[in-house]
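Input: a single structure, listed below in structure tokens.
In each ligand, atom 1 is the first atom listed, and ligand 1 is the first ligand listed. Numbers here are sequence positions counted from 1.
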Amino acid sequence: MAHQLVVEAPAKVNLTLDVKGKRSDGYHELETVMHQISLADRLTITAIPEGIEVQSNCPDLPAGEMNLAYKAAQVILKEYPDRGGVSIYIDKNIPLGAGLAGGSTDAAAVLKGINVLYNLDLSPSQLMAMGGAIGSDVPFCLQGGTALARGRGEILEPLPPNLHLHLLLVKPGFSVSTAEVYRRFDMDKVNNPPDNRAFLEGWHHCDMIGISRAMENVLETVTAAHYQEIDQIKERLIRLGAIKALMSGSGPTVFGLFRDRASAEQAWYEFQPCEEEIFLVTSYDGRKSAWKRNVCNRST
Ligand code: C5P
């Protein structure tokens, strides 16, 4: 049995996000295209005799059950009380509270890692069921790639890897609470929902302009209404040559979609960050992740 392993945990962006209604369980019924990107955390998972320990290079990461990686270890090890415990070190690169599924992808990596480390032989659907109990985005993070997600986000229709995207991510200097954004969401304020049917059509024809026309995120009606930075960043990205600029998930990260690597890189050089973190990324292709990061704070 392996004693230790390293698992990569890629972030996601939502290429579309539509809310179809509020459910009786308090969650919202979604229709969203999720897409894994090359910005990733790296988790080192070590077998220890008992207990769960989580450490990180990020002091702001919550400890204990508030940390989804810890919760994932708890959920899976509870089923196998005789196996032992884990020590998890999270090399955190994905910003927190950013709309990039940073916590969910760490949880997915822990489930996959412990499954291998302790030879549990759990099937993908068993892992997905555990993931769904931890958070709405965890099943997608387990599956990866690109998918149309429905329900709370756990009903997944995988899409083929037809387009390799070049994106510039801009994370403003503040974070938002997903629960709070959904709490404030008002269907009546939506006047520009995504066209998921047109998106799928474009995706299947490898039509970048086609998908860009269909991309919208209805949660902007909450986050962008509250923080004017969202629309300002979108405008800056369009001025720098993005075909489309959109908020990811509940925000506040905004991403620009570029025609190719050269135009994305040019925008990365020209974007003058104030308090934002910026990341030049691509679609995640399952190989070792890669991104360029740039942070600059004028006050320092
Ligand atoms: O599932 P997860 O814990 O990641 O979701 C965080 C919060 O976002 C939930 O507590 C809920 O308030 C909200 N949410 C929602 N509908 C979804 C997903 C999340 O209302 N489909």
Side-chain angles (χ1 to χ4, degrees), residues 9-37 41 54 60-76 90 92 94-112 127-144 147-157 171 174-190 193-194 196 216-227 230 246-253:
K12 62 86 186 154
V13 290
N14 299 78
L15 297 175
T16 70
L17 197 159
D18 200 7
V19 174
K20 295 296 192 187
K22 181 122 195 241
R23 300 159 34 134
S24 53
D25 61 4
Y27 282 85
H28 290 77
E29 191 67 23
L30 302 184
E31 198 174 83
T32 173
V33 175
M34 301 169 97
H35 182 73
Q36 250 180 349
I37 55 172
D41 293 341
V54 178
D60 296 337
L61 204 67
E65 280 179 49
M66 288 295 287
N67 184 313
L68 290 188
Y70 183 98
K71 201 168 163 192
Q74 218 177 20
V75 165
I76 190 167
I90 306 176
K92 195 85 199 145
I94 306 169
L96 310 183
L100 298 172
S104 302
T105 192
D106 292 348
V110 166
L111 293 179
K112 279 193 212 170
L127 289 176
M128 296 281 237
M130 284 183 180
I134 297 162
S136 305
D137 290 343
V138 180
F140 170 74
C141 294
L142 282 162
Q143 179 178 285
L148 177 66
R150 291 199 173 88
R152 274 168 56 211
E154 83 289 15
I155 303 168
L156 298 170
E157 187 183 311
K171 158 71 175 57
F174 55 90
S175 295
V176 302
S177 148
T178 301
E180 182 67 11
V181 170
Y182 277 106
R183 205 180 55 73
R184 289 168 180 249
F185 178 74
D186 177 357
M187 222 50 159
D188 294 337
K189 299 247 165 73
V190 175
N196 276 314
E216 295 297 339
N217 178 350
V218 300
L219 296 182
E220 287 183 359
T221 56
V222 181
T223 313
H226 198 73
Y227 297 102
I230 305 292
L246 201 69
M247 189 179 83
S248 178
S250 51
T253 302

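By the criterion of a heavy-atom distance under 4.0 Å, both the backbone and the side chain of Y27 are placed next to ligand 1.
Taking every heavy atom of L30 and a limit of under 4.0 angstrom, the matching atoms of ligand 1 come to 21 (N). Each of the following atoms of ligand 1 lies closer than 4.0 Å to a heavy atom of T178: 8 (O). For ligand 1 and G135, the ligand atoms under 4.0 Å from any heavy atom of the residue are 1 (O). Annotation for ligand 1: atoms under 4.0 Å from non-hydrogen atoms of H28 are 15 (C), 16 (N), 17 (C), 20 (O), 21 (N).
Note that the OG atom of S250 and the OH atom of Y182 stand 6.5 Å from one another [nearest 0.5 Å].
A 4.5 Å side-chain heavy-atom check between P10 and I37 finds every atom pair outside the cut-off. Here the side chains of V181 and F185 are not in contact, with every heavy-atom distance at 4.5 Å or above.
Using a 4.0 Å cut-off between a side-chain N of Lys or Arg and a carboxylate O of Asp or Glu, E31 and R150 qualify as a salt bridge.
Residue, atom and distance of the protein heavy atom nearest to atom 14 (N) of ligand 1 are Y182 CD1, 3.4 Å. Shortest contact from atom 10 (O) of ligand 1 to any protein heavy atom: A179 CB, 4.2 Å.
Polar contact check, S136 against ligand 1: a nitrogen or oxygen pair lies under 3.5 Å apart.
Only one option out of K22, R23, K20 pairs with E29 in a side chain to side chain donor-acceptor pair (under 3.5 Å); it is R23. If you run side-chain contact (heavy atoms from CB on, under 4.5 Å) between P139 and each of M128, M34, R152, only M128 comes through.
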